[in-house]
Amino acid sequence: DKLQAAQQKLATFKKKYSSIQSTKDMSTAVKRNSLEGRPLSERLVLGGTFQVNPSYSRSSGSQSTTTSASGQPQSSSTPTNGGSSTSSTSSTSTSKVPTSVDLSPLLGYRINKKLTLGIGATYRAILEIDEFTAKDQVYGYRGFFQADAVKGFFLHGEYERMNTAVQPDATTDEIYRRWKSGALAGIGKEYSFVKGIKGQVMVLYDFLYEDGVSPYKRPLVIRFGFVL
């Protein structure tokens with residue numbers, strides 16, 4: 001009975017630890033997920049992602065105002081106290097966003113065999129070059145984490161800052177640039193691509209999405225990538 005109990009105890013330890021010097025002193029044991037003692041080359045992760053953004057039309061409009069007889073502008077909800085007024089109607093126009101692809105190199109550091117933290121950069125390449133304008137230029141940076149789950153699936157989360165152009169009114173050429181934050185999270189699947197390279201596909205949701213301001217057509221995005 002004592003031998004069987006000892007064997008069961010050892011089997012339990014082996015499930016949790018990859019190396020055990022002595023069951024009486026677990027301070028020297030190495031957990032299976034640990035990368036303790038591994039060289040830096042086994043901890044660094046090099047790779048990249050790309051995201052295709054099909055062409056679409058983005059709406060923008062001008063705000064309507066009411067002008068009293070005295071010539072003073074008023075909001076449409078402000079009473080004119082019987083005075084005559086003229087109201088300018090709001091107008092909505094659309095502008096075309098050309099087809100593009102977001103290219104994002106990344107560098108990660110493996111905390112252990114299941115968790116990776118890293119940084120990356122993004123540049124948007126316009127595919128319809130004949131329709132490229134300065135307002136279509138997008139670039140930025142991000143920090144991310146990736147946690148392995150089961151059977152090649154993993155959880156992915158990131159915080160990004162993207163410099164993008166905002167056009168309040170498509171009827172004019174007036175634009176301004178701003179840094180837009182994004183908080184994306186979702187699930188991904190890793191698969192064998194070629195020897196030494198693994199492919200990835202991710203489905204992410206941007207929880208800070210703003211229509212007309214965020215650099216994406218919709219909050220749900222699909223990305224493809226690879227890691228070395």
Side-chain angles (χ1 to χ4, degrees), residues 43-60 95-129 131-149 152-168 170 175-191 193 197-228:
R43 286 180 174 265
L44 290 181
V45 178
L46 299 176
T49 63
F50 69 92
Q51 174 182 321
V52 178
N53 307 296
S55 175
Y56 68 97
S57 296
R58 179 165 53 192
S59 300
S60 60
S95 59
K96 181 181 179 182
V97 178
T99 302
S100 63
V101 58
D102 293 349
L103 304 174
S104 306
L106 61 85
L107 173 64
Y109 181 81
R110 300 175 69 192
I111 303 300
N112 54 45
K113 292 181 181 180
K114 289 186 174 294
L115 178 62
T116 300
L117 303 180
I119 57 175
T122 298
Y123 179 78
R124 176 163 294 177
I126 305 300
L127 301 184
E128 299 176 73
I129 196 65
E131 299 186 21
F132 174 78
T133 63
K135 69 181 180 180
D136 298 318
Q137 189 176 36
V138 177
Y139 54 87
Y141 57 91
R142 68 183 54 157
F144 70 90
F145 82 87
Q146 194 163 291
D148 292 345
F153 287 93
F154 59 85
L155 302 177
H156 182 94
E158 64 181 57
Y159 176 79
E160 67 176 14
R161 293 275 288 168
M162 302 289 281
N163 188 283
T164 182
V166 178
Q167 186 176 17
I175 62 172
Y176 66 92
R177 301 197 66 85
R178 61 170 288 185
W179 286 95
K180 177 69 180 74
S181 297
L184 295 91
I187 191 171
K189 180 70 168 65
E190 191 170 83
Y191 56 91
F193 185 56
I197 301 178
K198 293 182 178 180
Q200 292 183 337
V201 59
M202 291 175 277
V203 179
L204 307 174
Y205 187 88
D206 186 357
F207 291 92
L208 298 181
Y209 178 82
E210 292 182 59
D211 189 25
V213 178
S214 293
Y216 311 118
K217 179 181 180 180
R218 55 178 64 90
L220 191 69
V221 301
I222 298 176
R223 287 184 187 158
F224 301 89
F226 69 94
V227 291
L228 304 179

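Small disclaimer: the values here were computed from a predicted structure and weren't measured.
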Quiz prompt | Distance in Å, E160 CD paired with S104 OG, rounded so as to fall on 0.5 Å steps | solution = 8.0 Å
Quiz item: Less than 4.5 Å apart, any side-chain heavy atom of R223 and any of L184?
Solution: yes
Quiz item: Closest heavy-atom contact between F193 and G199?
Solution: CB-N, 3.8 Å
Exercise. Identify the two heavy atoms, one from F144 and one from I119, that lie closest to each other, and give their separation to 0.1 Å.
Key: CE2-N, 3.5 Å
Quiz prompt | L103 vs V101, side-chain contact (heavy atoms from CB on, under 4.5 Å): CA-CA, chis, key distance, verdict | solution = CA-CA 6 Å; L103 304 174; V101 58; 4.1 Å; yes
Exercise. Grab the two heavy atoms, one from P215 and one from V138, that are nearest each other, plus how far apart they are.
Key: CB-CG1, 4.1 Å
Quiz item: If you round to the nearest 0.5 Å, how far is OH of Y159 from OH of Y141?
Solution: 7.0 Å
Quiz item: Minimum heavy-atom separation for V213 to T164, with atom names?
Solution: O-CG2, 3.4 Å
Quiz prompt | Check: Y139 ring centroid to Y123 ring centroid under 6.0 Å | solution = no
Exercise. Check R124 against S100 and note the closest heavy-atom contact, atom names and distance.
Key: CD-OG, 3.3 Å
Quiz item: If we only count heavy atoms from C-beta on, is the L228 to I197 side-chain gap below 4.5 Å?
Solution: yes
Exercise. Please examine the side chains of L208 and K180, heavy atoms only from C-beta on, and report whether any two atoms are closer than 4.5 Å.
Key: yes
Exercise. For residues V221 and D206, determine if any side-chain heavy atom of one lies less than 4.5 Å from a side-chain heavy atom of the other.
Key: no
Self-check item: By side chain to side chain donor-acceptor pair (under 3.5 Å) - contacts of D148 (at least two apart)
Solution: none
Quiz item: Can you find a pair of side-chain heavy atoms, one from N53 and one from K217, that are under 4.5 Å apart?
Solution: no
Practice problem: Report yes if some heavy atom in the side chain of L107 is under 4.5 Å from a heavy atom in the side chain of L46; otherwise report no. | Solution: yes
Practice problem: Using the test side chain to side chain donor-acceptor pair (under 3.5 Å), find all partners of Q200 that sit at least two apart in sequence or belong to another chain. | Solution: E190
Quiz item: Less than 4.5 Å apart, any side-chain heavy atom of T49 and any of R142?
Solution: yes
Exercise. Please tell me if the side chains of K114 and F154 come closer than 4.5 Å, counting only heavy atoms from C-beta onward.
Key: no
Self-check item: Derivation and outcome, side-chain contact (heavy atoms from CB on, under 4.5 Å), residues Y216 and D102
Solution: CA-CA 10 Å; Y216 311 118; D102 293 349; 3.7 Å; yes
Quiz item: From M202 CE over to I222 CD1, what is the distance, rounded to the nearest 0.5 angstrom?
Solution: 11.5 Å
Practice problem: Identify the two heavy atoms, one from W179 and one from R161, that lie closest to each other, and give their separation to 0.1 Å. | Solution: CB-NH2, 3.3 Å
Exercise. Show your working on side-chain contact (heavy atoms from CB on, under 4.5 Å) between Y109 and T116 and close with a plain yes or no.
Key: CA-CA 6 Å; Y109 181 81; T116 300; 5.8 Å; no
